[in-house]
Amino acid sequence: MSEPSTERRRQYPFHQIEPKWQQYWEEHKTYRMPNPGEHGFDPSKPKYYVLDMFPYPSGDGLHVGHPEGYTATDIVSRYRRKQGWNVLHPMGWDAFGLPAEQYAIKTGQHPSITTGRNVNRFRSQLKRLGFCYDWDREINTTDPEYYRWTQWIFLQIYNSYFDESTKTARPVSELEAQGLSREEIDARRLAYVAEVQVNWCPGLGTVLANEEVVDGKSEVGGFPVERRPLRQWMLRITAYGDRLGDELEDLDWPEGIKRHQREWIGRSEGAEVKFSIDGRDDSITVFTTRPDTLFGATYMVLAPEHALVDSITTPDQKAAVEAYRQQVASKSDMERTALAKVKTGVATGGYAINPVNGERIPIWIADYVLISYGTGAIMAVPAHDDRDHEFATQFGLPIREVVQAPAGNTEQCFTGDGISINSPLMDGLPTQEAKRKITAWLEERALGRKTINYKLRDWLFARQRYWGEPFPVIWRDGKHEALPESELPVIPPPLEDYKPSGTAEAPLSKATDWVRYSDHAQRETNTMPQWAGSCWYYLRFTDARNNSRFAGEDAERYWMGHNHKPGGVDLYVGGTEHAVLHLLYARFWHKVLYDLGYVSTPEPFQKLVNQGLILGEDGQKMSKSRGNVINPDHVIAEYGADSLRLFEMFMGPLEQVKPWSTKGVEGVYRFLGRVWRLFMESADEGDTYTLSPKVQDANAPMPLLKVLHETIRKVGADVEAMAFNTAISQMMICTNELTSAEVRPVSVLATFLHLLNPYAPHLSEELYSLLHANFPSLPAGPLSELPWPKFEEKYLIEDTIEVVLQVNGKVRGKLEVPANMDAEALKALALSSDRTQEHIAGKEVRNVIVVPKRLVNIVVK
RNA sequence: GCCCGGGUGGCGAAAUCGGCAGACGCAAAGGACUUAAAAUCCUUUUUCCGGAAACGGGAGUGUGGGUUCAAGUCCCACCCCGGGCACCA
């Protein structure tokens, strides 16, 4: 019975081949990678750790963006394995998160049930793509056996402080030994509790994470979000600001991402300067990066929320100040920033004294000064700061120039480096020297000191959510207390009702039995943010089933160390959306663990590659509402997994943004069909195939050997460079060559299958096993376990080469010459050639440029 | 506004160090096979001018300049598209 007429005939029987090999791999655990000391581990091989950013298993299943990066790492893994490396290539699930919780709110079903269902779907989809993951190492961040260690790491952070002298984390027990008080120690822990401004969303009745707020509105529902102070757990990531910036240096990351992280950290050096308040004992400290402009400070600005505002404000300004503060408080972040085209503010009526010249300057409040950065107060130098300039112009405040711009400067408000003027202490000094001098002057008089500030804020680590890791912490008499390790994991109780409470209380607070730890102690009811689980998952992969440590020491040292580089994971591939947060948070945790001696490298990820977004066929971002979403399941059903893999790699460079093309999938599908027909032919219209009579155990002719060895060379070099698209082009060229050959030597075909194997593992395995069945002298498979072929230089060397003849840079002819012809001979030959003679006749030859093996350019006049 | 990424045929793209622009694939056209179609195989395909053709000549990598014997590639200025950031003193 032939195929139904409506269905096109398959290029090759991928629908039989692919499940067959997937089953084989599963049954034989082909891709299981033992750890050091385990049976089957070969310590003589070098290690290579290839990691994908693990997915959040959403209810929608895999989209075509996932297999892009996953195929790239799969190719690299298979290639390295064939090259004789021990390759660690694992997969898991970042499964805590909002959608599962939202679904639970709607249905009352525990999130672990939906999560389990989604994970099963994702896993089977990934298996259908033929990826060579070691599934014995699969992890799930919502598994208590996993998050017990997430909680354990939190305890290590909680029990540490940052030692400024060594710039490392140290156990707080050292502070206890020094006799510090409970309060002093708590104030220095890397995990601490603070009252901070959070995003409160009245519409949803809950607190939102920063990343859940878009343009001042909730990402879900689009309700307005306001700031509100709340008691929160914080992680002291700012302590690591310098190291997180400096230690990017030796990582093989895209420069753009490194820059992005450095900007995010936003280190800036400057000085804190104390201004006394006129007529009071108090003082206000400001932060400035330009202490050299102190003589140009003509007013001062406090953030509206600044603690001293009330006491400074004079009675006649009280009403105006109150009204302004009211107005600012009611503004969302969006209104405060995006719409802040025009500066606003009011005078407090109070005055400060400039410490360098005793001048009395007015104190204003304005929302262009942020309470959360620096000291929440600035000295305004309108002549040399754009924002101050704008404000001063608007409110008619004096502008005094104290830096002379270099000649030719036309800017009204000069913000660059120049020479100090009108500044008695530093007149004539260039900016950098002036800064040093005035800072020293201030320090001598205890009026200020050198300071470093960061844009980076401490990490707000608590969420008022159900579906996240509970904190291993209890509260007794209003004080927090770590639970002992023996009580891990702390498992959240099931709830009747997962809805947010409507107050700022976390959902867990509704489980009263669970919350009550003892007569005098209650459990912490906040949970950790989704980032927590992904901060260390790469470590768990090194020893995923260890139940006495987050990962065994030997396994961690082998997979993360051993490459003499700062980063442990050799290759990490994922999307740019994690350029800052995930990568910064993971680096922070890793450094704490490194300082405490738990891991062997200072950095988690040595080489980072970002895959580019795949757009819809219309060139727009894929989205349900546009209706341009491509479902990988459908692509696999119609063309097979090998075609999907191959197309995703053939579309263009991995890092680039590129549109989907169904026609393009058909193109690579046809290519795989051509490869199939190099080996097999079919007599009827069905799925019965026999070996092609052109496949023979014969000596390969030179032209075939040449293209084959060129293909070995190019495909190998391109995998190393992750230029998969051009590797595929070369394999197409090789296939076209073989298609037109009358005889297809077995040795050439077998070698070609090795090259194709990382890209199209199912088809290549099948053809190899068919070939081996007919020619038993070939090494027995599976192909993926056989060594990668080596190219031989002798087949690449050309006897004769084509040299281009140019006259005045224009191509006028070509010459076939022996490859070893020297420059002089080439020059003589070029000058006497008929083709060049036509163009140089009657003209003066002024110069002849000879580029051996490439071209001769004759310059005439 | 600032910071990235990108602009090459009808389309996705290629071009190791400055050395023949457009490999490979898609689409299109023609041919072979077929009663016919699909599939497959072969050929053509940057563009303009001349030529029946072989071929020859000119132009051409967003725009305008520059460096060079030679520029997609290096330098300067600008335009357009995509993404990110948002007053951090």
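All values below come from the heavy atoms of this structure, side chains included, with hydrogens, waters and symmetry mates left out.
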message = Using the P atom as the point on both nucleotides, what is the distance between B/G30 and B/U45, in whole Å?
response = 16 Å
key: 5′-ward residue of the pair A/I849/A/S372 relative to RNA chain B   = A/I849
query = B/C2 and B/A13: how far apart are their C1' atoms, nearest whole angstrom?
reply = 32 Å
Watson-Crick or G-U wobble partner of B/C78, both distances under 3.5 Å = B/G62
query = For B/C41, does the glycosidic angle fall within 90° of 0 (syn) or outside that (anti)?
reply = anti
key: Per A/L370 side chain, nearest of listed nucleotides B/C3, B/C69, B/A89   = B/A89
request  = Ignoring the backbone of A/P653, work out which of B/A23, B/U16, B/A14 is nearest its side chain.
outcome  = B/A14
task = May I ask you to verify if any side-chain N or O of A/Q656 is less than 4.0 angstrom from the OP1 or OP2 atom of B/A13?
result = yes
query = Which whole number of Å gives the distance between the C1' atom of B/C3 and that of B/U8?
reply = 26 Å
task = Answer yes or no: does a side-chain N or O of A/S268 lie under 4.0 Å from OP1 or OP2 of B/A89?
result = yes
ask   = Which nucleotide in the set B/A89, B/G19, B/G25 lies at the smallest distance from any side-chain heavy atom of A/F287?
value = B/A89
inquiry  = Which nucleotide, if any, forms a Watson-Crick or G-U wobble pair with B/U73, using both distances under 3.5 Å?
reply    = none
ask   = Between A/R259 and B/G84, does any side-chain N or O lie under 4.0 Å from OP1 or OP2?
value = no
ask   = Should A/N725 and A/P653 count as side-chain neighbours, where that means a heavy-atom distance under 4.5 Å?
value = yes
request  = Could you please name the partner base of B/U40, counting Watson-Crick and G-U wobble pairs only when both distances are under 3.5 Å?
outcome  = B/A32
ask   = Taking only N and O in the side chain of A/R854, is any of them less than 4.0 Å away from OP1 or OP2 of B/A70?
value = no
query = Could you give the NZ-to-C1' distance, from A/K621 to B/G5, as a whole number of Å?
reply = 14 Å
message = I'd like the C1' distance from B/G5 over to B/G56, given in whole Å.
response = 43 Å
inquiry  = I want to know whether A/F391 and A/Y299 have ring centres closer than 6.0 Å.
reply    = yes
request  = With the side chain counted from C-beta on, respond yes when A/Y368 and A/I378 share a heavy-atom pair under 4.5 Å apart, and no when they do not.
outcome  = yes
request  = Please state the P separation for the pair B/G19 and B/U73 - nearest whole angstrom.
outcome  = 11 Å
remark   = Of B/G25, B/A14, B/G19, the nucleotide closest to the side chain of A/N725 is B/A14
query = Expressed in whole Å, how much space separates the P atoms belonging to B/C69 and B/G64?
reply = 23 Å
query = Counting side-chain heavy atoms from CB outward, which of B/A14, B/G58, B/A27 is closest to A/T726?
reply = B/A14
key: Separation of the P atoms in B/A29 and B/A39, to the nearest angstrom   = 13 Å
ask   = For residues A/D718 and A/T726, is any side-chain donor paired with an opposing acceptor at under 3.5 Å?
value = yes
message = Would you say A/K658 places a side-chain N or O within less than 4.0 Å of OP1 or OP2 belonging to B/G12?
response = no
query = If you take atom types as modelled and just measure distance, does the side chain of A/K663 reach the base of B/C11 with a donor-acceptor pair under 3.5 Å?
reply = no
ask   = Is the distance from OP1 or OP2 of B/C24 to the nearest side-chain N or O of A/N736 less than 4.0 Å?
value = no
ask   = Which listed nucleotide (B/A89, B/A14, B/C20) is nearest to the side chain of A/V804?
value = B/C20
request  = Measure from the side chain of A/F650, starting at C-beta and using heavy atoms only, and say which of B/A27, B/G58, B/G12 lies closest.
outcome  = B/G12
ask   = Across all strands shown, which nucleotide pairs with B/C85 by Watson-Crick or G-U wobble geometry, both distances under 3.5 Å?
value = B/G1
task = Could you check whether A/K810 gets within reach of a base, just the sugar-phosphate, or nothing at all, counting any heavy atom under 4.0 Å?
result = sugar-phosphate
inquiry  = Taking the side chain as everything from C-beta on, heavy atoms only, tell me whether A/Y639 gets closer than 4.5 Å to A/F647.
reply    = no
Check: A/T800/A/E816 side-chain N/O donor and acceptor closer than 3.5 Å = yes
inquiry  = Measuring to OP1 and OP2 of B/U40, would you say a side-chain N or O of A/Q11 lies under 4.0 angstrom away?
reply    = yes
query = Quick one: do A/E269 and A/R267 make a salt bridge, cutoff under 4.0 Å?
reply = yes
inquiry  = Please compare A/M379 and A/W264 by the position of their nearest nucleotide in RNA chain B and report the one closer to 5'.
reply    = A/W264
request  = Give a yes-or-no answer on whether the side chains of A/R674 and A/Q11 include a donor-acceptor pair shorter than 3.5 Å.
outcome  = no
request  = Between B/G84, B/G19, B/A23, spot the one nearest the side chain of A/I733, thanks.
outcome  = B/A23
inquiry  = If you define the side chain from C-beta out and look only at heavy atoms, does anything of A/V668 sit under 4.5 Å from A/E648?
reply    = no
ask   = Touch check for A/K455, heavy atoms < 4.0 angstrom, all strands: base, sugar-phosphate only, or nothing?
value = base
request  = Based on the glycosidic angle (syn within 90° of 0, else anti), state the conformation of B/G5.
outcome  = anti
query = Can you tell which of B/G19, B/C26, B/A89 lies closest to the side chain of A/V851?
reply = B/G19
message = Measuring only the C1' atom in each nucleotide, how far is B/C80 from B/U61? A whole number of Å is fine.
response = 16 Å
request  = Check every strand shown and say whether A/R457 touches a base, only sugar-phosphate, or nothing at a heavy-atom separation below 4.0 Å.
outcome  = base
Under 4.0 angstrom between A/R677 side-chain N/O and B/A39 OP1 or OP2 = no
ask   = Is there a donor and acceptor pair closer than 3.5 Å between the side chain of A/E666 and the base of B/C26?
value = no
key: Side-chain N or O of A/N857 closer than 4.0 Å to phosphate OP1/OP2 of B/U68   = no
note = Under a 3.5 Å limit on both distances, the Watson-Crick or wobble mate of B/G10 is B/C26
key: Any-strand Watson-Crick or G-U partner of B/G50, both distances under 3.5 Å   = B/C55
ask   = Phosphate oxygens OP1/OP2 of B/C41: is one of them under 4.0 Å from a side-chain N or O of A/R674?
value = yes
ask   = Can you find a side chain N or O atom of A/Y368 that sits less than 4.0 Å from OP1 or OP2 on B/A89?
value = no
